[in-house]
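One structure is given here, and the rest of the page talks about it.
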Amino acid sequence: MGERGRQSVDRHGKDTWTVFKIMGEFVEGFETLRPLWPSVSIFGSARLRRGHPYYKDATQVAEALSKAGYSVITGGGRGIMQAANLGASRGKGRSVGLNIKLPHEVAPNPHADTIVHFNYFFARKVMFVKYACGIVGMPGGFGTLDEIFEALTLVQTKKIRNVPVILFGSSFWEGLVDWMTSQL
């Protein structure tokens, strides 16, 4: 067998094992998050720091949700995610971080009392919506948009139950909402 044939066989062998790694992420996510229902997923920037008004807002929103009995699920990183996990830890609900392993990101924030680690964005995004009875989109970047649009698409196509998707910070979201209303 030539070099090209060996590469093809090795690649397919790794693909098969990847299926088991993906399945493991789903099983761990389902087993960890199922008991935490009802929950609300909060998306937002990893770049905003303590002292920014949206950081304070995220802390207050998550604390109120937690005191109302909801678990709060974030991406487990810094910024808005850390603020939301901090707020949730002040309430009576659980504070959850769904951490994604990336080359240049830091460890999960210290305020999540439950952390699930993911290698695959798509598996992580399933967990954000699977056990959520609401979604809050705080200001953020491409990752936040990806998570919000994933949730909106799943609601629109009825792949998940109709949950409220709340965009917090009207001045931040106004242009996008105007565009979506007129174009989509």
Side-chain angles (χ1 to χ4, degrees), residues 3-4 6-33 36 39-59 61-62 71-89 94-132 135-154 160 165 167-169 172-173 176:
E3 182 64 29
R4 191 172 201 177
R6 279 194 296 277
Q7 288 174 344
S8 178
V9 170
D10 289 342
R11 183 179 54 81
H12 291 298
K14 290 178 183 175
D15 287 349
T16 302
W17 284 107
T18 299
V19 170
F20 291 108
K21 288 170 43 181
I22 293 166
M23 187 171 62
E25 288 191 5
F26 279 118
V27 168
E28 182 181 2
F30 293 152
E31 293 298 314
T32 303
L33 298 178
L36 304 181
S39 64
V40 173
S41 290
I42 299 178
F43 306 135
S45 174
R47 310 293 177 250
L48 296 179
R49 299 291 176 229
R50 186 181 307 267
H52 192 284
Y54 288 134
Y55 189 101
K56 181 179 177 184
D57 291 338
T59 303
V61 167
S71 297
V72 172
I73 301 172
T74 77
R78 302 291 180 209
I80 295 293
M81 297 173 280
Q82 180 171 317
N85 286 131
L86 172 62
S89 69
R94 299 291 301 267
S95 179
V96 182
L98 305 182
N99 186 254
I100 187 79
K101 295 175 188 172
L102 297 172
H104 303 292
E105 292 293 327
V106 294
N109 76 67
H111 302 294
D113 56 46
T114 301
I115 297 173
V116 183
H117 296 280
F118 292 90
N119 285 302
Y120 302 99
F121 278 106
F122 64 89
R124 180 180 182 236
K125 288 195 301 183
V126 167
M127 296 307 139
F128 279 131
V129 298
K130 175 74 174 156
Y131 299 104
I135 307 285
V136 177
M138 300 293 293
F142 288 116
T144 301
L145 288 173
D146 179 47
E147 293 156 352
I148 289 168
F149 276 101
E150 177 85 11
L152 289 170
T153 300
L154 293 171
I160 63 172
V165 179
L167 301 179
F168 186 96
F172 182 85
W173 296 109
L176 178 64

Where do [X] and [Y] come nearest, in terms of heavy atoms and distance?
X	Y	value
Ala84	Ala62	O-CB, 3.0 Å
Gly77	Asn109	O-ND2, 2.8 Å
Tyr55	Ala83	O-CB, 3.3 Å
Arg50	Leu86	NH1-CD2, 4.1 Å
Leu154	Val129	CD1-CG2, 3.7 Å
Ile42	Met138	CG2-CG, 3.9 Å

* Could you walk me through whether Val116 and Met127 pass side chain to side chain contact (heavy atoms under 4.5 Å, CB included), step by step? => CA-CA 10 Å; Val116 183; Met127 296 307 139; over 6 Å; no
* **Within 45° cone and under 6.0 Å: Lys130 NZ/CZ vs Phe30 ring** => yes
Side-chain heavy-atom pair [X], [Y] within 4.5 angstrom cut-off:
X	Y	result
Leu145	Leu176	yes
Met81	Ser45	no
Val40	Ile135	no
Glu28	Phe118	no
Tyr131	Thr32	no
Leu33	Leu98	yes
Ile80	Arg47	no

* Classify the angle between the aromatic ring planes of Phe43 and Phe128 as parallel (below 30°), tilted (30 to 60°) or perpendicular (above 60°). => perpendicular
* To do: Report the relative orientation of the aromatic rings in Phe122 and Tyr120; use parallel for angles under 30°, tilted for 30 to 60°, perpendicular for over 60°.
  => tilted
* Identify the residue among Thr74, Thr59, Asp113 that makes a side-chain hydrogen bond (donor to acceptor under 3.5 Å, both in side chains) with Asn85. => Thr74
* To do: Step through the shown structure and confirm whether more than 12 heavy atoms of other residues, nucleotides or ligands are within 6.0 Å of CZ on Arg49.
  => yes
* Would you check, one step at a time, whether the test side chain to side chain contact (heavy atoms under 4.5 Å, CB included) holds for Trp173 with Ile148? => CA-CA 12 Å; Trp173 296 109; Ile148 289 168; 3.5 Å; yes
* **Interatomic spacing from OG1 in Thr114 to CD1 in Ile73 - rounded to 0.5 Å** => 9.5 Å
* **Polar side-chain atom of Asn99 near backbone of His117 as donor-acceptor pair, under 3.5 Å** => no
* Taking the side chain from Ser95 and the backbone from His111, do they hold a donor-acceptor pair closer than 3.5 Å? -> yes
* Asked: Given the rule in the side chain to side chain contact (heavy atoms under 4.5 Å, CB included) test, do Val165 and Phe149 qualify, once you have shown the distances and angles that lead to the verdict?
  -> CA-CA 10 Å; Val165 179; Phe149 276 101; over 6 Å; no
* With a 4.0 Å cut-off, would you call Arg124 and Glu25 a salt bridge? -> no
